[in-house]
Amino acid sequence: MTSELIVRLATPADVLNLFDLIKALAEYEKLSHAVTGDVASLESHLFGSHPYAEAIVAELAGEIVGFALFFPNYSTFLTKPGIYLEDLFVLPEYRGKSIGQALLTHLAKLAVDRDCGRLEWSVLDWNETAIAFYRRMGATVLPDWRICRVTGEQLTNLASGVKS
C-alpha cells in the first residue's frame, strides 16, 4: 500500500486538510481544548507574505493521511541552521504502514539539502509508542533537557517587564 504514498510539500490547497489533521492530533493527545487557531491563520502563517513555518503532507491514494509541520531554528554551538519539527502526525488507521517514517525521512532530506546541523523535536513523555518509533529512526531522546514555555498573560507580562 505504501507504494502509492506521496510525501510532498504542502500547498495552499492543503490547508483545510492540514487543520483537520491538527485537530485530530490534538484529540489524540487529549488536548482538543488547546486548539484555538483557525484555518485562515494557518494559511497565512504557512503561505503568506512572511511564512513562519512549512509543512509536508503524506498522501495515500489521493487522501492526505499525515503531515509534518516544521520551521527553522539555529544552533549557536554548530553555527548552523536547523529544523525544528513542531508536529508529526499520521491518522491512527494508517499507522504501521511506514508513513511516519516516510515523513521523517523526507524532513531529514530537507535538513541535509539545506545544510542544517540538526533536526530536532519534542515528544510527550507518556507517548511510549512515539518514543520507541523515534529511537528506531535513530533519534536520541535527551533526558536532561526540559521545554520552557511562556504563553498568554505570562507572555504579555514578560514583554512588558512585569514579573509573575
Side-chain angles (χ1 to χ4, degrees), residues 1-48 50-73 82-111 118-143 145-156:
M1 181 177 250
T2 54
S3 63
E4 303 170 15
L5 181 67
I6 298 169
V7 176
R8 60 174 175 78
L9 285 171
T11 68
D14 298 321
V15 172
L16 187 55
N17 287 323
L18 278 169
F19 194 70
D20 287 343
L21 287 169
I22 290 167
K23 291 187 294 187
L25 168 62
E27 185 177 324
Y28 173 75
E29 293 181 345
K30 297 178 180 26
L31 292 171
S32 293
H33 64 280
V35 178
T36 59
D38 57 63
V39 174
S41 294
L42 180 62
E43 183 171 23
S44 173
H45 295 149
L46 290 175
F47 302 106
H50 182 79
Y52 291 95
E54 297 176 73
I56 56 176
V57 295
E59 191 175 340
L60 190 61
E63 181 182 355
I64 295 176
V65 299
F67 79 102
L69 190 137
F70 58 97
F71 51 87
N73 63 10
I83 290 178
Y84 186 84
L85 172 60
E86 178 66 20
D87 286 315
L88 174 75
F89 182 72
V90 175
L91 289 169
E93 60 269 31
Y94 293 95
R95 293 184 188 155
K97 301 180 186 308
S98 300
I99 296 169
Q101 179 179 341
L103 285 164
L104 206 50
T105 299
H106 190 91
L107 197 51
K109 287 178 184 174
L110 283 176
R118 63 184 174 205
L119 167 62
E120 60 189 353
W121 61 92
S122 302
V123 61
L124 293 168
D125 61 358
W126 60 260
N127 196 341
E128 291 296 329
T129 304
I131 291 169
F133 165 70
Y134 294 140
R135 284 188 172 136
R136 282 193 311 274
M137 295 295 296
T140 301
V141 179
L142 303 174
W145 290 84
R146 299 293 182 263
I147 299 168
C148 298
R149 181 175 289 161
V150 183
T151 62
E153 184 179 342
Q154 290 79 19
L155 179 59
T156 303

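Quick caveat, the model's predicted, so the values are computed rather than measured. Numbering of residues begins at 1 and proceeds along the displayed sequence.
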Gap separating the CD atom of Glu86 from the CG atom of Leu25, nearest 0.5 angstrom: 9.5 Å
Geometric class of the Tyr52/His45 ring pair [parallel <30°, tilted 30-60°, perpendicular >60°]: perpendicular
Gap separating the CG atom of Leu88 from the CG atom of Leu104, nearest 0.5 angstrom: 6.0 Å
Pair Arg95-Ile99, side-chain contact (heavy atoms from CB on, under 4.5 Å): steps then yes or no: CA-CA 7 Å; Arg95 293 184 188 155; Ile99 296 169; over 6 Å; no
Glu93 atom CD: more than 12 heavy-atom contacts under 6.0 Å: yes
Close side-chain approach of Ile56 to Leu110, heavy-atom, < 4.5 Å: yes
Whether over 12 other heavy atoms sit under 6.0 Å from Glu27 CD: no
Beyond-backbone contact of Val57 with Leu21, side-chain heavy atoms, under 4.5 angstrom: no
Leu103 side chain near Leu85 side chain, heavy-atom distance below 4.5 Å: no
Glu43 vs Phe19, side-chain contact (heavy atoms from CB on, under 4.5 Å): CA-CA, chis, key distance, verdict: CA-CA 9 Å; Glu43 183 171 23; Phe19 194 70; over 6 Å; no
Flag, side chain of Asp14 to backbone of Asn17, donor-acceptor distance under 3.5 Å: no
Distance in Å, Phe89 CZ paired with Lys23 NZ, rounded so as to fall on 0.5 Å steps: 12.5 Å
Intermediate values then yes/no, side-chain contact (heavy atoms from CB on, under 4.5 Å), His33 and Leu31: CA-CA 5 Å; His33 64 280; Leu31 292 171; 3.8 Å; yes
Any Leu18 side-chain heavy atom under 4.5 Å of Leu46 side chain: yes
Atom pair CD1 (Ile6) and NE2 (His106), whose distance is rounded to the nearest 0.5 Å: 11.5 Å
Derivation and outcome, side-chain contact (heavy atoms from CB on, under 4.5 Å), residues Gln101 and Val90: CA-CA 10 Å; Gln101 179 179 341; Val90 175; over 6 Å; no
Option among Tyr134, Tyr84, Phe71, Trp145 that satisfies the ring pair (Phe, Tyr, Trp, His ring centres under 6.0 Å) test with Trp121: Tyr134
Leu142 CG to Ser122 OG distance, which is reported to the nearest 0.5 Å: 9.5 Å
Side chain proximity check, Leu5 to Tyr94, heavy atoms < 4.5 angstrom: no
Distance, nearest 0.5 Å, that separates CG of Leu91 from CZ of Phe67: 9.5 Å
